[in-house]
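Just so it is clear, the structure is predicted and the values come from calculations on it, not from any experiment.
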Amino acid sequence: YNNLTINQSVGNASLSGNATVNGILSLSSGNLAVTDPYVLTMGGSATTTGAKDVTGIVKRTSLVAATSYTFGNEYTTISFRNEGTLPTEISVKISIGSAPSWKTGAVQRTYDIIRTGGSGTAVALSLHYLDTELNGNTESNLVLWDGHLPSPPGNVEEYGRSNYDLTTNWVRLSALDVSYLPTAFGSKAWTLANSAISSYTWTGSVNTDWSNPGNW
């Protein structure tokens, strides 16, 4: 498609086959459900607009550094630092409507993010949510959490946040090493929930390593 608009006044639209969108994917009314195992591929310069969401798998190839790529919503974005080797592909499987089983108190949305290749670079993730998905969480206290699947409680980790926006509803995590993203679905997933630890401020005073305590 050289531009695709979803304007579904009742219910949601569904995609029961692989498709590629170049130009603009406009989600003006109604979500677009990409049914498993099919994939929606976004062209190299394709963008997403509108208040609605894609569910299912969204993929991008031909990635370049310092570019914010949308995945299923204009406020769900991934970008890469201009260093090292970027992945050749990034795919995001988006699930909405319920909290993940490994973090039942989280917002009602989950992201499973995988890569093909990539090393020596850092990733910035911005994950979108809706006010109706808060599931009792305090919006101003949302941070990113991940679960190593299958996830007993000991394999669920809080990752904090670098920035957030309460109007357009996203929370960002910057400087995540690309190697932390798995290469196959079903091994790790992300969600948003209230922070359970004391707040820390990123200074980067030592280096760019997110896990180095001296940078906080």
When every non-hydrogen atom of S174 is compared with those of S162, the smallest separation belongs to N-OG, 2.9 Å

Is any side-chain heavy atom of L32 closer than 4.5 Å to a side-chain heavy atom of K52? no

Of all the heavy-atom pairs spanning V143 and V171, show the shortest one and how long it is. CA-CG1, 4.3 Å

Side-chain donor/acceptor of T191 to backbone N/O of R109, under 3.5 Å: yes

Taking C-beta and beyond as the side chain, do R60 and T41 meet within less than 4.5 Å on heavy atoms? no

Do the non-hydrogen side-chain atoms of F80 and V178 ever get within less than 4.5 Å of each other? yes

May I ask you to establish whether K188 and Y180 are in a cation-pi arrangement, using a distance under 6.0 Å from NZ or CZ to the six-membered ring centre and at most 45° from the ring axis? yes

Let me confirm one number: the OG-CD1 distance from S187 to I114, rounded to the nearest 0.5 Å. 8.5 Å

Hey, is the main chain of S101 close enough, under 3.5 Å, to the side chain of T104 for a donor-acceptor pair? no

Ignoring hydrogens, what is the shortest heavy-atom contact between S91 and F185? Give both atom names and the distance. CB-CZ, 3.8 Å

For A175 and A122, work out which heavy atoms get closest and say how close. CA-CB, 4.0 Å

If only atom types and distance count, is the side chain of S68 paired as donor or acceptor with the main-chain N or O of S79 below 3.5 Å? no

Between L134 and L142, is the side-chain contact (heavy atoms from CB on, under 4.5 Å) condition met? List the steps. CA-CA 9 Å; L134 284 172; L142 290 176; 3.9 Å; yes

Donor-acceptor check, side chain of E158 to backbone of A196, threshold 3.5 angstrom: yes or no? yes

Do you know which of I90, L125, T77, L40 makes side chain to side chain contact (heavy atoms under 4.5 Å, CB included) with F71? I90

side-chain contact (heavy atoms from CB on, under 4.5 Å) between S140 and L166, worked out: CA-CA 7 Å; S140 60; L166 301 181; 4.2 Å; yes

Does some side-chain heavy atom of V54 sit less than 4.5 Å from a side-chain heavy atom of N31? no

Measure the shortest side-chain to side-chain distance between V64 and Y69 over non-hydrogen atoms and say whether it is less than 4.5 angstrom. yes

Check: L144 and L127 side chains under 4.5 Å, non-hydrogen atoms: yes

Test side-chain hydrogen bond (donor to acceptor under 3.5 Å, both in side chains) on E74 and H128; report intermediate values, then the result. CA-CA 8 Å; E74 63 180 302; H128 176 60; over 6 Å; no

Would you say S28 and T5 make side-chain contact, with heavy atoms under 4.5 Å? yes

Does NZ or CZ of R172 lie under 6.0 Å from the centre of the six-membered ring of Y164, at an angle within 45° of the ring axis? no

Drop me the distance from I24's CD1 to T47's OG1, to the nearest 0.5 angstrom. 4.5 Å

Let's go through T88 and T61 carefully: what are the C-alpha distance in whole Å and the side-chain angles of both, what is the deciding distance for side-chain contact (heavy atoms from CB on, under 4.5 Å) to 0.1 Å, and is it a yes or a no? CA-CA 6 Å; T88 56; T61 61; over 6 Å; no

If you take all heavy atoms of S205 and G214, which pair is closest and at what distance? OG-O, 3.0 Å

side-chain hydrogen bond (donor to acceptor under 3.5 Å, both in side chains) test vs N73 passes for just one of T48, D53, T49, T168, namely D53

Could you walk me through whether Y129 and Y111 pass the ring-ring contact (aromatic ring centres under 6.0 Å, His included) check? CA-CA 11 Å; Y129 63 92; Y111 295 90; over 10 Å; no

Quick one: does any side-chain atom of N137 pair with a main-chain N or O of N194 as donor and acceptor, under 3.5 Å? yes

If Ile, Leu, Val, Met, Phe, Trp and Tyr residues are connected whenever their side-chain heavy atoms lie under 4.5 Å apart, and connections chain through other members, are L181 and L63 in the same group? yes

Quick one: do V58 and I96 end up in the same hydrophobic cluster if we chain Ile, Leu, Val, Met, Phe, Trp and Tyr together by side-chain heavy atoms under 4.5 Å apart? yes

Please check if atom CG in N82 has more than 12 non-hydrogen atoms from other residues, nucleotides or ligands closer than 6.0 Å. no

Just do the side-chain hydrogen bond (donor to acceptor under 3.5 Å, both in side chains) check on N215 and D209 with the steps written out, would you? CA-CA 7 Å; N215 286 318; D209 184 359; 5.8 Å; no

Stepwise side-chain hydrogen bond (donor to acceptor under 3.5 Å, both in side chains) check, N3 with N22: CA-CA 6 Å; N3 295 318; N22 297 302; over 6 Å; no

Does the pair K93 and I113 meet the rule for a side-chain contact (heavy atoms from CB on, under 4.5 Å), with working shown? CA-CA 6 Å; K93 183 184 288 185; I113 305 170; over 6 Å; no

Student check: side-chain heavy atoms of T183 and R115 closer than 4.5 Å: yes

Looking only at heavy atoms, the pair that brings D177 and S179 closest together is OD1-OG, 2.7 Å

Please determine whether ring-ring contact (aromatic ring centres under 6.0 Å, His included) holds for the pair W145 and W190, giving the CA-CA distance in whole Å, both sets of side-chain angles, and the decisive distance to 0.1 Å. CA-CA 6 Å; W145 291 74; W190 298 86; over 10 Å; no

